[in-house]
Amino acid sequence: MSSTRLGVPLRSPGRARLVSATSATSSQTAPSSPLGSAAPAPSRAGSGASAPRTLHALVRARTPDALSAPAGSPSKRILAPSTRVHVLPDKLGQAHIDALRQLVAHLGALNVVRSSHTASVAVSLDYATVVLSEIRAPKRAERALGDEAESRGVPVLHHSWLTACLEAGIQVPHEAYQIYPRLTAPAASASASASASASALKRAASNEPASPRRHPEKILRLEESGTEEEQEQDEAYAALRGGYASAEEEEGGYGSHEEGTLPVMVPRGIDKGKGRALDVDASPSRRASASPTPPPHVVAYEGAVPAWQNSANACFRPTPIRSMFNQPLVDELEVIRVSRVLFEKNGARDQHNSAAYGRAISAIKAYPHPLAKDPKKAKEIAGVGAKIYKAVLQFYELGYVAEARAIRGDQSHAIMKSFLDFYGVGPAGARKAYQQGARSLQDLCSLGGSYSDRLGREECLRILPDLLHRIPRRECEFIAELIHDEFEKIHPGMKYTICGGYRRGKATSGDVDVVLAPDPEKAPVGDLKSLKHQTRLLHQVLEALKKKAVMTHIVSVAQPSEYYGEAIVPHCDIAEIVVLPPSLPGAGADATKRPRYRRVDIILTRAEVYGATVLGWTGSKQFEKDIRRQARQQGYKFHSTGLVRLEQPGVTLDTPQEQDIFELLGVPYMPPHLRNCDA
DNA sequence: GGGCGGTACTG
DNA sequence: CAGTAC
DNA sequence: GCCC
């Protein structure tokens, strides 16, 4: 239930729902219009609807966005922002109802308010995620709910749940307040949490990153969609080129450490001390390299690896692909972060709310001890404050974070999240589409509106199933070689690095980021000195790729601005494209596997700033944010086209290598495999 | 209480 | 200017 | 939401 398959609507489009979700005591109405076959898709208002003078249309006009947070924004974010509360009026005076609704809004959730004319409880339940009541008898609650209550699965809670959340300063589990459906084991809250905590401890002790027992469904999904298929595919590639069989094993690890001391990162299987870090670029320089790129966990680097630091900046903290100690907690908090992203933009402070979760998550991911052993230690981690500390405690007490669990159970959240896969659809677009009744990616597509002039929505939908598949390392290399070859034909002497997740050692990537520049060791540097030459080269290569039918779509090509302040700035040319790579050499026998469309970013830069560009395109996202903050603190401005001193903007420093930037910023060099600072 | 990554493009 | 992508 |  937590993930969407492309093309399968998560919920069948139902009948009209005449219910509003509004803030506090407001009594506006706003329907969530059904789509289905009779979808009122704005673009093709063909059939009988000359002017849909329906109630929907009128009402929608008045409340543009029923799902966004109330105008008077909440004073606290305690309930999941997607929480929609229906207050049962029975036995409650109007004043009491109003007070409860105010509290709901105060805690950051939404009220579901019936429109005065239509209104059955059942219809309200279609929208609510939770019902509050003064009633304590399950039988009576059932009667008040009407027939459909059971099928909706919306629980009825005693309203004191709200005040309990307020007091705790964090959303609390609702089982102890649940009236209907009656919980089979009344002792649930006590014993369940006890056993959950036991299992959490067991998990931590055995160092399993595995799933909390409470949510087997979610974890299964992740494991399946994350690796299984790609693994199979990766093995296919490996077989073709006689290489390694993948993939998702433990990667980038901590060395063992003694009690009481901070563990120091130790690179695997190498004698340290000599030489500087060996770049793990793994891009085989020549096609001739019959030997495949070694799997990421075997790649070694030399030189000292920086020890963990309790820094607010992720760029100081070695962070492997998965935390060896606290990954389950990281995954749990990530659920909350994503929900904050989906609801960000309500009042200007929400964007920074999700960012704060991102920083805390990254700090916990890098923390080199199991927090399960002593959750109180979380308080000391820079980036974990009062609120997230409470969530950590809750996680180890109950085995889950109540807000995260609520979010996982919320269909609307899952649907909107799936909308983010669509190119050009972000949080605002996802919310809007959902509010207009979209429940599947097809629905989203038929709502129309194109976000890229060159990649229309229809086309986006057609190739989306391919784009959602992650790309095995071997194919990343294959694609990068194709592109590099085209550059070589037109302008010999180019070097390149595959950046992004690939460079950070991930077994599979969402896209391929190829950074190229003239190689000073092969050709004169001045060769491509003018912007025009550079841009022309890129377009020639794109043309060639198009002719070969390797490139199928141009998503966008960035037009770099030539000036920064008064000075000419070295810049990158960036092409975002879609390719359909030919089958690998030797794949003829296995013709059953058609190639997939892949997203590729080509970044053409200059040798003088190659280090900055590679650093800027390697990620992870959190690492990028924090290295920029670090740059600011040190009086620099960093971006992927170079590093400049704040005092002399326009003078871009030469940074041919990544190490140059680390040195200038006073950050110990962090190997790419330890920059995995996102969840 | 201010600030949070920084830039380019599209509608 | 808002929204989105990198 | 968290840090300075």
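Worth knowing before you read on, the calculation uses all heavy atoms, side chains too, and leaves out hydrogens, waters and symmetry mates. Protein chains get the first letters and strands the later ones, always in sequence-line order, with residue 1 at the start of each.
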Value in whole Å for how far the [atom2] atom of [N] lies from [atom1] of [X]:
| X | N | atom1 | atom2 | answer |
| --- | --- | --- | --- | --- |
| A:His352 | B:dG2 | NE2 | C1' | 11 Å |
| A:Lys432 | C:dG3 | NZ | C1' | 11 Å |
| A:Glu344 | C:dG3 | CD | P | 10 Å |
| A:Gln622 | B:dG5 | CD | P | 8 Å |
| A:Asp573 | B:dT7 | CG | P | 17 Å |
| A:Leu455 | B:dG11 | CG | C1' | 16 Å |
| A:Gln351 | C:dC1 | CD | C1' | 14 Å |
| A:Ile554 | B:dA8 | CD1 | P | 20 Å |

Kindly say whether [Y] contributes a backbone atom to a donor-acceptor pair with the side chain of [X] at under 3.5 angstrom?
| X | Y | answer |
| --- | --- | --- |
| A:Gln394 | A:Gln171 | yes |
| A:Thr641 | A:Cys572 | no |
| A:Asp626 | A:Cys315 | no |
| A:Arg457 | A:Leu444 | yes |

*Name all residues meeting the ring-ring contact (aromatic ring centres under 6.0 Å, His included) criterion together with A:Phe662; count only those two or more places apart in sequence or in a different chain, and write none if there are none.*
A:Tyr669
When we call it a touch if two heavy atoms are under 4.0 Å apart, what does [X] touch: a base, just sugar-phosphate, or nothing?
| X | answer |
| --- | --- |
| A:Ala382 | sugar-phosphate |
| A:Arg599 | sugar-phosphate |
| A:Ala360 | nothing |
| A:Asp626 | nothing |
| A:Ala558 | sugar-phosphate |

*On DNA chain D, check which nucleotide each of A:Ile78 and A:Gln633 is closest to and give me the residue with the more 5' one.*
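Taking each residue's closest nucleotide, the earlier one in sequence belongs to A:Ile78.
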If you check the [X] side chain, which of [options] turns out closest?
| X | options | answer |
| --- | --- | --- |
| A:Asp513 | D:dG1, C:dC6, C:dT4 | C:dC6 |
| A:Lys625 | C:dA5, C:dT4, B:dG5 | B:dG5 |
| A:Lys621 | B:dG5, B:dC4, D:dC2 | B:dG5 |
| A:Ile388 | C:dC6, D:dC2, B:dG5 | D:dC2 |
| A:His639 | B:dC4, C:dC6, B:dT7 | B:dT7 |
| A:Tyr423 | C:dA5, D:dC2, B:dG6 | C:dA5 |

I'd like the [atom1] distance from [M] over to [N], given in whole Å.
| N | M | atom1 | value |
| --- | --- | --- | --- |
| D:dC2 | B:dT7 | C1' | 25 Å |
| B:dG5 | C:dT4 | C1' | 15 Å |
| C:dA5 | B:dC4 | P | 22 Å |

*Please state whether the base of D:dC3 and the side chain of A:Arg359 form at least one donor-acceptor pair under 3.5 Å?*
no
OP1 or OP2 of [N] sitting under 4.0 Å from any side-chain N/O of [X]?
| X | N | value |
| --- | --- | --- |
| A:Arg340 | D:dC2 | no |
| A:Arg431 | C:dG3 | no |
| A:Arg629 | D:dC3 | no |
| A:Lys637 | B:dT7 | yes |

*Taking 4.0 angstrom as the limit, do A:Glu608 and A:Arg606 come out as a salt bridge?*
yes
_Residue mapping more 5' on DNA chain B - nearest nucleotide basis, A:Val557 or A:Ala355_ = A:Ala355
*A:Arg599 to A:Ile471 - nearest heavy-atom pair and separation*: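 Looks like O-CD1, 4.4 Å.
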